[in-house]
Amino acid sequence: MVRLANYMKPYLWPAILSVLFVFLQSLANLYLPTLMSDIVDTGIVKGDMPYIYKMGFLMLLVTLVAGILTVVANYLASKVASGFGRDVRNTMFAHIETFSLKEFDQVGTSSLITRTTNDIAQIEQVYMMILKMMTMAPLMCVGGIIMALSKDAKLSLVLVVSLPLLIVSILILAKKGLPFFKVIQKKMDRLNLILREELTGIRVIRSFNRTNHELKRFDEANKDITQTSIRINQIMSTAMPLMMLIMNLSMVAIVWFGGLRINSGAMQVGDLMAFIQYAMQIMFSILMGVMMFIMIPRAQVSASRVNEVLDIQPDIKDMKSSSLASNANEKQGVTFNDVTFRYPGAETPALSHLSFTARPGETTAIIGGTGAGKSTVLNMILRYFDAVNGRVEVNGVNVKQLPLNKLRQMIGYVPQKAVLFTGSVSDNIRYGNEQATDEEIREAARIAQADDFIREMDEGYDSVIAQGGKNVSGGQKQRLAIARALVRHADVYLLDDSFSALDYQTDARLRAELSQVTKEAALIIVAQRVSTVLHADKIIVLDDGKSVGMGTHDQLMKSCAVYQEIVASQLDKEELA
Ligand SMILES: Nc1ncnc2c1ncn2[C@@H]1O[C@H](COP(=O)(O)OP(=O)(O)OP(=O)(O)O)[C@@H](O)[C@H]1O
């Protein structure tokens, strides 16, 4: 919480003003009972009507001023707190953007969402409360005590008994409730995780008739979090009657002893009335203070979850500028030099001692069974992960010595699962190169075999792509993703199983066109289909993260048993002949 308070700095003045206005408002509230006591003791007892009117008007005026101060103070406090929330959310999101895939896996996407939204909202709320109560509670308490003492010091002894009783009973309840706050944030993470899985996987859920199962899963997580909330509220709800009981008993005691003191002539009626109000103000200020004590640890839990994310140092980041290479401009393709890589926590390496070169102007294909490590090769080139051993070079430079921006600028990547963004078709293609002209976008789409279907869409290149690309087919999505990569004019193109949803004819046409545009670039294609890799200049056969064959189709057909097996399982012999 204290660390996050740094984000309040830009709002220092509104915060100070808000505290000042709350201070003035509290003073006004402390003044009111004294005015009332004067009206009773001086005005009513002596029958002095002008005095009653004068003081009554003064009371109204003070109330009005206090009201205005409250409104302004609340406005400023909410301005500060929501500005704080916005800034922390922005910082957090910008920081998460720097994460490598390892950190995403470490915290979990759903938890990152909860932390960026729900947790920050909790802290925001508490800051707002602190701004309002931080001055009000102590001022009302101390001011109330002083005023009560000034009205009747002996009667104040009642408070000496009731106040500690009030504080202790609330603290006992708070201690019981607090552990649940930590639990509830974790349960919120889980609820978000299930919700996310269910919303993104809705098609699979329906096709497998698992709607009821998923409803049950959600319901269980929902019930779980509800039960914890109810438990907290049960504890907190006993607090209210208990406090009211103590407060009411205190009032009875004050009226009782106050009555005795009035009878003996040691106190006036107006003073007793003012004393009762001060006693109420003191108790409410204690309630406010205790509420802060309850809310602050809760926000503390959220703050530590936010700080945890902000403290994560991305595993993969730019080296110091002095160590960065400056000679990465020549097109030299991609080189793997004895690369070994193991995913965090995995026992076996996903890649072992892999060496190959993908030269510019050549098509290098990577083939192998599922889980063989094909996508991992691309992850290494993009530097989503760093090799444990060996070197990965792009344009003759170790990727670790390239600024990440520059490295990725040199690459046109088409992921295995084509991801599109909400916006028009041309926006989606331009995502690959903001400077691309309309002509370049059309050309990229034409090469990617997307131009025809885009033209058939209602508004052509201006047609809107729905969230997640839901209104285009899998194959169309893939072609748009290819166009997005092509418009980049990259030195290296990485296509991760990007033809899997295309029919054989489109696949063939696309490959023919690609070979034209990528004449000077290194093209690395990961594929499952032999027909896709058949004409590649070099085919790397991966098996369990190891290269078990490298060469052209003809060479591999003679020398590589694993390749032969793959071919035999896919192509019929006539096609091969
Ligand atoms: N983020 C990850 N964390 C841990 N293990 C991973 C991760 N990604 C992949 N793996 C593991 O690494 C191995 C290689 O995965 P990779 O995705 O490279 O295979 P692939 O050849 O591309 O498979 P496919 O053709 O099915 O996409 C697999 O055993 C996989 O389970």
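Both ligands and their constituent atoms are indexed starting at 1 by order of listing. Note that the structure is predicted; figures quoted are calculated from it, not measured.
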Main-chain N/O of Ile447 paired to Asp451 side chain as donor or acceptor, under 3.5 Å: no

Which residue supplies the protein heavy atom nearest to [atom], what is that atom called, and how far is it?
| atom | answer |
| --- | --- |
| atom 29 (O) of ligand 1 | Gly371 O, 3.9 Å |
| atom 27 (O) of ligand 1 | Gln416 NE2, 2.9 Å |
| atom 16 (P) of ligand 1 | Thr376 OG1, 3.5 Å |
| atom 17 (O) of ligand 1 | Ser375 CB, 3.7 Å |

For Leu523, the option from Thr364, Leu495, Leu494 that meets side chain to side chain contact (heavy atoms under 4.5 Å, CB included): Leu495

Gap between atom CG of Leu191 and atom CD of Glu220 - 0.5 Å precision: 12.0 Å

Residue-ligand contact Gln528/ligand 1, heavy atom below 4.0 Å: yes

Ligand 1 contacted by Gly368 (non-hydrogen, < 4.0 Å): no

When you compare ligand 1 with [X], is there at least one nitrogen or oxygen pair between them that comes in under 3.5 angstrom?
| X | result |
| --- | --- |
| Thr370 | no |
| Pro344 | no |
| Ala372 | yes |

NZ or CZ of Arg442 within 45° of Tyr461 ring axis and under 6.0 Å: yes

Geometric class of the Tyr127/Phe84 ring pair [parallel <30°, tilted 30-60°, perpendicular >60°]: perpendicular

4.0 Å protein heavy-atom contact status of atom 9 (C) of ligand 1, strictly under: yes

Non-hydrogen protein atom less than 4.0 angstrom from atom 31 (O) of ligand 1: no

Interfacing atoms of ligand 1 (cut-off 4.0 Å, heavy-atom, Tyr343): 1 (N), 2 (C), 3 (N), 4 (C), 5 (N), 6 (C), 7 (C), 8 (N), 9 (C), 10 (N), 11 (C), 12 (O)

Where ligand 1 meets Gly369 - atom numbers and elements under 4.0 angstrom, heavy-atom basis: 21 (O)

Validation row, ring centre His213 to ring centre Phe208 under 6.0 Å: no

Pair Tyr343 + Phe385: ring centers closer than 6.0 Å: yes

Asp105, portion touching ligand 1 at heavy-atom distance under 4.0 Å: side chain

Arg115 side chain to Ser111 side chain, donor-acceptor N/O pair below 3.5 angstrom: yes

Leu310 and Asn307, any side-chain heavy atoms less than 4.5 Å apart: yes

Option of least heavy-atom distance to atom 25 (O) of ligand 1 (set: Met380, Arg342, Lys417, Lys374): Lys374

Contact summary for Ile539 and Ala536, nearest pair of heavy atoms: CG1-CB, 4.1 Å

